[in-house]
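Values in this document were obtained by computation on a predicted structure and should not be read as measured data. Basis for what follows: all heavy atoms, side chains included, without hydrogens, waters or symmetry-related copies.
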Amino acid sequence: MRKTNVLVVDDGIGQEDEINNIISFLEKNKFCIKCKSIEETKFLDFNSLSFIILDWEFSPFIEEENISSGVIIGSQFKKIAEDKVLNFIKEIRETRFVPLLIVTNNLPEAKNAIESAGFLDENSLVDITSKESIATEESLECKISKVFGNKPALNFYKQWAESVDGALLSLFNDLKKYGYGWIKVIYNCFLKDQEPLTNPKVATHEVENFLNEWLKNSTSVFDFDFESIPSVDGIERSTMRDIIERTMTISATEKSMCGDIYKIDDKNYVINISPQCDLEREGDPKVILLKGDELKDNKIKPCLEDYPVIWRNGGFIDSAPNCTIAFINNRIIKFDLKNFEYAKISESESLKNMECKLKRLLPPHITKLQRRFSQYITRDSLMRLPDNAVGYKNFNCKAKTCGGDGCIVKKANEEPQ
């Protein structure tokens, strides 16, 4: 077994031989965290866990005053206990990427309840078994290995996470020689970039984006056996498009961001291609909204006929004024580089009657649009640097006229006589 932390949640710990034997097998190879109730797990750090073993049948919790008044444990209390287990499974599935093995002495009933809740689908990290079937160390080893081995996505995630963790450790070990100064310098760059607004929240957001990009570029390539993943032959076209779209986009936020995609109606879309640094400098900045419409599949041809979009080698070859992005809203969108609006979000004619903001297009796809569009409009694009990072202030300008902000001659001429 892997040398990792395992959480066992079972109210029979210390009392029932079956679960105590399972724990003794686990503790030979890994650190085992033991909880007798789901409530106890609320105080745990789940980031350190690589596997969870969860009991299905917990004794219903009865308050003392109910016991003294003669309350009998009935089906309603059993349902409350089962709902707690199902809610715990749901929370783990939604917030953690960790396998969960449910153990029970009542396998048919438990399996039916968990399947009805939709927790045993083919992509799930949840499995269920009887305590009797893992009563020996060999059978437990086999079961856990099977749960790991049958989940290639889990193996990929573990290997990917190890690569990212290694890059993070290496990066910050390299930077710690500068003390806290390195992060302050970066923060000041983004704070300076917003002048005259200088909003600390915006600067903090930009530092976060910068660090994420820095970490991405510092992560080493890892070797994963993708051939071990079962074939996806026969996958539906709409599902395939959804998968690809998910790699290209993230959920949009209320804040105006570069790459925001707006759905105007069933056919027409606009996308904000303004660089993020421009959007941060003003409260209601002007944005470049590039307009596009849906491109039907039957308008795409894999040859050099007179069509606006050609398909070749798994990609689109656009004509000069067009740029095609697939997929947005499960559709192919052709943007017209000559058809754009340059206005404030609050004053945009395109967005007055928009249906909704869909998602945000990520690099390199948004970068493709920006580069193709750059021949139609020009702008400054680099973030500002702090003045004290460059020693230009002692430069004695000899020009008769100058536009530089730091020019000594210009400042002297501007001073009141």
**Prompt:** Listed by chain and number, what are the side chain to side chain contact (heavy atoms under 4.5 Å, CB included) partners of Thr253, not counting sequence neighbours?
**Reply:** Lys255, Met257
**Asked** Is there a side-chain contact between Asn209 and Glu213 (heavy atoms, below 4.5 Å)?
**Response** no
Donor-acceptor list for residues 98-111 side chains, cut-off 3.5 Å, not counting sequence neighbours:
| residue | atom | partner | partner atom | Å |
| --- | --- | --- | --- | --- |
| Thr104 | OG1 | Asn106 | N | 2.8 |
| Asn105 | ND2 | Glu18 | OE1 | 3.2 |
| Asn106 | ND2 | Glu109 | OE1 | 3.1 |
| Glu109 | OE2 | Lys78 | NZ | 3.1 |

**Prompt:** More than 12 non-hydrogen atoms from neighbouring residues, nucleotides or ligands closer than 6.0 Å to CD on Glu132, yes or no?
**Reply:** no
**Message:** I want to check something: taking the side chain as every heavy atom from C-beta on, are Leu175 and Ile183 in contact at a cut-off of under 4.5 Å?
**Reply:** no
**Item:** Test side-chain contact (heavy atoms from CB on, under 4.5 Å) applied to Leu361 and Leu369, step by step
**Value:** CA-CA 10 Å; Leu361 191 65; Leu369 276 173; 4.2 Å; yes
**Prompt:** Looking at CG of Leu54 and CZ of Phe88, how far apart are the two atoms once the value is rounded to the nearest 0.5 Å?
**Reply:** 6.0 Å
**Message:** Do Ile271 and Ile366 make a side-chain contact, defined as non-hydrogen atoms from C-beta onward lying under 4.5 Å apart?
**Reply:** yes
**Message:** Just to verify, what does Ile235 make a side chain to side chain contact (heavy atoms under 4.5 Å, CB included) with, not counting sequence neighbours?
**Reply:** Thr239, Met240, Ile243
**Asked** What's the shortest heavy-atom distance between Ile13 and Lys36, and which atoms?
**Response** O-CE, 3.2 Å
**Request:** Using side chain to side chain contact (heavy atoms under 4.5 Å, CB included) as the criterion, list what pairs up with Ile250, not counting sequence neighbours.
**Result:** Arg246, Arg360, Leu362
**Asked** Within the side chain of Thr324, is there an N or O that forms a donor-acceptor pair under 3.5 Å with the backbone of Lys334?
**Response** no
**Request:** Tell me, please, which residues at least two apart from Ser348 pass side-chain hydrogen bond (donor to acceptor under 3.5 Å, both in side chains).
**Result:** Glu341
**Complete:** Closest non-hydrogen contact found for Ser350 with Ile264 is O-CD1, 3.2 Å
**Fill in**
The side chain to side chain contact (heavy atoms under 4.5 Å, CB included) partners of Pro321 (sequence neighbours excluded) come to Ser319, Asp336, Lys338, Tyr376
**Message:** For Asp83, give me all partners under salt bridge (charged side-chain N to carboxylate O under 4.0 Å, His left out), at least two apart in sequence or on another chain.
**Reply:** Lys79
**Any Ile273 side-chain heavy atom under 4.5 Å of Phe340 side chain** = no
**Sequence-distant partners of Phe172, ring pair (Phe, Tyr, Trp, His ring centres under 6.0 Å), two or more places apart** = Trp182
**Item:** Distance (rounded to the nearest 0.5 Å) between Asp260 CG and Lys357 NZ
**Value:** 4.0 Å
**Prompt:** Hey, does Lys84 have a side-chain heavy atom less than 4.5 Å from the side chain of Phe58?
**Reply:** no
**Request:** Give the C-alpha distance, both sets of side-chain angles, the deciding distance and a yes or no for side-chain contact (heavy atoms from CB on, under 4.5 Å) between Leu86 and Trp56.
**Result:** CA-CA 9 Å; Leu86 292 175; Trp56 169 249; 4.0 Å; yes
**Request:** Output the distance between atom CG (Leu44) and atom CG (Asn5), rounded to the nearest 0.5 Å.
**Result:** 10.5 Å
**Asked** Measuring from Lys291:NZ to Asn339:CG, what's the distance to the nearest 0.5 Å?
**Response** 5.0 Å
**Fill in**
Heavy-atom nearest pair, Phe25 first then Ala135, reads CE1-O, 3.4 Å
**Fill in**
CD (Glu347) and NZ (Lys352) are apart, to the nearest 0.5 Å, by 9.0 Å
**Prompt:** Any sub-3.5 Å donor-acceptor pair from Thr41's side-chain atoms to Ile38's backbone N or O?
**Reply:** yes
**Request:** Apply side-chain hydrogen bond (donor to acceptor under 3.5 Å, both in side chains) to Ser256 and list each qualifying residue two or more places apart in sequence or on a separate chain.
**Result:** none
**Asked** Heavy-atom distance under 4.5 Å between the side chains of Ile144 and Leu26, does that happen here?
**Response** yes
**Item:** Intermediate values then yes/no, side-chain contact (heavy atoms from CB on, under 4.5 Å), Asp55 and Ile19
**Value:** CA-CA 9 Å; Asp55 188 25; Ile19 192 62; over 6 Å; no
**Prompt:** Short question: side chain of Ser170, backbone of Gly166 - any donor-acceptor pair under 3.5 Å?
**Reply:** no
**Request:** Please examine the side chains of Met248 and Lys359, heavy atoms only from C-beta on, and report whether any two atoms are closer than 4.5 Å.
**Result:** no
**Request:** For Gln276 and Cys258, work out which heavy atoms get closest and say how close.
**Result:** OE1-N, 2.8 Å
**Leu7 versus Cys35, closest heavy-atom pair with distance** = CD1-SG, 3.9 Å
**Request:** Please lay out, stage by stage, how Val8 and Ile22 fare under the test side-chain contact (heavy atoms from CB on, under 4.5 Å).
**Result:** CA-CA 9 Å; Val8 178; Ile22 290 173; 5.7 Å; no
**Prompt:** Sequence neighbours excluded, which residues qualify as side-chain hydrogen bond (donor to acceptor under 3.5 Å, both in side chains) partners of Glu82?
**Reply:** none
**Message:** For the CD atom on Glu27, are there more than 12 heavy atoms of other groups (residues, nucleotides or ligands in this structure) within a distance under 6.0 Å?
**Reply:** yes
**Asked** Looking only at heavy atoms, which two atoms of Gly118 and Arg93 are closest? And how far apart?
**Response** O-NH2, 3.8 Å
**Any residue meeting side-chain hydrogen bond (donor to acceptor under 3.5 Å, both in side chains) with Arg241, in chain and number order, not counting sequence neighbours** = Asp297
**Contact check, side chains of Arg331 and Tyr269, non-hydrogen atoms, under 4.5 Å** = yes
**Request:** Quick one: list whatever passes salt bridge (charged side-chain N to carboxylate O under 4.0 Å, His left out) with Asp127, sequence neighbours left out.
**Result:** Lys143
**Item:** Between CG on residue Leu290 and CD1 on residue Ile261, distance to nearest 0.5 Å
**Value:** 11.5 Å
